[in-house]
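Presented below is the structure to which this report refers.
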Amino acid sequence: MSTGRPAGTGLPAGTSGVSGPEALLAGLDAQQRVAAEALFGPVCVLAGAGTGKTRAITHRIAYGVATGAFTPNRVMALTFTNRAAAELRGRLRQLGAGGVSARTFHAAALSQLNYFWPQVVGGQLPSVLDGKGRVLGHAAEKLGLRVDTATLRDVAAEIEWRKVSSLTLDDYATALASRPLPGALTAEKLVDLHRTYEELKDERKQIDFEDVLLVCAGMIETEPSVAMQVREQYRYFVVDEYQDVSPLQHELLGLWLGTRRDLCVVGDASQTIYSFAGARSDYLVDFEREHPGATVVRLEQNYRSAPPVIDTANRLMRGRSGALTLHAVRETRPGDEVPAPEAFEDDRAEARAVAGRIAQELAAGARPESIAVLYRVNVQAAALEQALGDLGISYQLRGSKRFFDLPEVRQAVMTLRAASVAATDEPLFKSVSDVLRTLGWSVRPPEGRGAVRERWESLNAIMGLVDEMPEGATFRRFTDELLARQAGQHEPTLSAVTLATLHAAKGLEWDSVHLVGLSEGLVPISYATTFEQVDEERRLLYVGITRARHRLRLSWAQRGSQPGRPVSRQPSRFLAELAAPRAAARTAEPAD
């Protein structure tokens with residue numbers, strides 16, 4: 001059974017009897033191989049969900065290194081999250097291309113700024129803000145504005161959108177004619193707040209997250225010596241999740257490339273779910289127009305999901321611009337069917353029913369980590385937490401506190417590292433388990449739930465990483481890997497059911513996925529009023545559907561559960577498209 005791990009790992013067999021660079025191609029399907037062998041010039045890989053895009057691009061890089069086409073330290077692989085970058089680095093190490101730099105856009109830009117700032121400007125780079133809230137609050141005070149915390153968060157999001165969209169303050173003021181205004185702010189006051197925020201940052205010699213990209217782009221654009229050094233260092237670029245590129249990132253990528261054409265991009269327009277944050281899928285869709293003569297490869301063989309799941313996903317995206325048609329590689333197995341969407345009396349009844357079905361799956365032998373419940377907004381998690389807790393089912397909220405930030409995990413990492421310095425030749429399992437036992441780990445889990453059980457589950461997740469190490473790995477190598485995971489926030493899998501928003505689920509997969517709350521106002525969300533906004537909600541649901549390997553269940557509640565505030569709901573407009581022919585939503589009795 002699979003777990004909630006990064007997606008795209010189930011693929012064709014074997015490289016038996018093949019050695020050298022050719023072994024890196026032997027396990028790829030025909031189209032993946034085309035992508036891997038296209039080493040020069042502009043290359044665009046249109047990769048549907050579950051089609052092995054990460055495997056294709058990592059094998060492409062490793063093949064380029066193995067054949068001598070690429071010098072490892074001259075390749076830059078770019079992505080959007082620390083977790084994804086850590087995954088790329090791990091796979092490249094395993095394929096013999098550990099010298100390749102795999103980073104987020106921001107990490108790459110910050111590294112360059114730290115190097116060039118003393119040469120070009122002098123002194124140290126200004127400090128990077130942890131967040132915008134404090135400076136924004138001071139800006140509001142300076143302007144005499146009374147703004148609550150929620151409004152400040154929305155203003156911060158507007159600042160981020162303005163910057164990644166490469167808009168000046170005057171451009172932004174014009175754009176506000178078609179954008180909702182945060183809180184009770186007028187357009188004039190909002191622009192004043194943006195301007196004062198920027199002035200305060202400059203006075204304090206600080207930059208924010210988006211400034212890292214802006215300043216890096218400006219330095220390359222205005223300093224020929226910087227541009228020359230950057231372009232000499234990195235000659236080959238690979239960009240994952242290209243549908244999520246913003247105008248600012250697109251501009252910076254162009255500056256990094258200069259006149260060169262050795263760019264490979266990978267993405268899926270149907271998984272563009274961050275338009276609200278400035279992502280632009282048209283850079284992917286129009287890649288061939290921007291780069292004439294580009295090699296374009298379509299990956300549509302889905303290795304992840306059962307045919308009924310793929311059929312459901314294809315029905316949702318049929319006829320949409322840029323959509324790929326997925327084709328199932330494996331045959332349908334018993335239990336793979338996608339039942340008709342179910343309607344429940346209210347949110348609590350829906351949560352109890354979902355928890356009951358998960359209990360049945362666990363009783364039948366499923367592992368908790370192979371199951372996920374996905375929803376649109378965080379507030380939906382409360383009823384699910386209660387229902388799962390009532391049945392004693394362990395769960396984790398994805399997107400809450402990071403694993404490596406948990407106190408017990410930080411303590412365990414430090415203790416293990418210290419112990420590894422004086423390690424003996426004992427088996428790795430014994431060395432690690434001896435240390436973790438002193439911190440509260442045991443072979444058998446504690447009874448019930450609570451803080452003690454949660455601590456055990458965290459330590460047990462670290463213990464589980466021993467099984468992922470190669471045979472003969474030393475204690476020191478294990479702690480090296482653990483520190484690398486900590487730095488990249490590459491979290492291990494906990495033995496617990498995952499609760500996550502649809503956004504947080506992107507890039508992951510589970511054997512069994514329960515999609516809940518599929519009603520108007522949630523999916524699509526109530527504030528999605530334009531065609532473009534509703535289409536983004538469609539893509540978000542598509543992402544949720546394609547997380548499922550074997551089992552997919554769809555449900556919605558006919559009314560909300562707020563005390564004294566019954567809210568009638570209608571099924572999501574997408575359900576009629578998702579349902580198989582002749583299948584209709586049926587109303588289920590509330591679970592006991």
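Keep in mind that this is a model prediction, so the values were computed, not measured.
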Original post:
Angle class for the F80/F105 ring planes (parallel below 30°, perpendicular above 60°, tilted otherwise)?
Top reply: tilted
**OP:** Report the relative orientation of the aromatic rings in Y283 and H250; use parallel for angles under 30°, tilted for 30 to 60°, perpendicular for over 60°.
**Re:** parallel
Are [X] and [Y] close enough for a salt bridge, meaning some N to O gap below 4.0 Å?
X	Y	answer
D29	R55	no
R91	E87	yes
R376	E520	no
R260	D262	no
K53	D268	no

Original post:
Has F237 got more than 12 heavy atoms of other residues, nucleotides or ligands less than 6.0 Å from its CZ?
Top reply: yes
**OP:** Please indicate whether Q570 has more than 12 foreign heavy atoms, meaning atoms of other residues, nucleotides or ligands, lying under 6.0 Å from its CD.
**Re:** no
**OP:** Output the distance between atom CD (E536) and atom OH (Y274), rounded to the nearest 0.5 Å.
**Re:** 10.0 Å
Polar side chain donor-acceptor pair, [X] to [Y], under 3.5 angstrom:
X	Y	answer
Y172	E158	yes
R103	S111	yes
H514	R357	no

Does the [X] side chain pair with the main chain of [Y], one donor and one acceptor, at a distance under 3.5 Å?
X	Y	value
Q533	T529	yes
Q243	L284	no
D535	E532	no

**OP:** Give the minimum heavy-atom separation between A175 and L167, together with the two atoms involved.
**Re:** CB-CD1, 4.4 Å
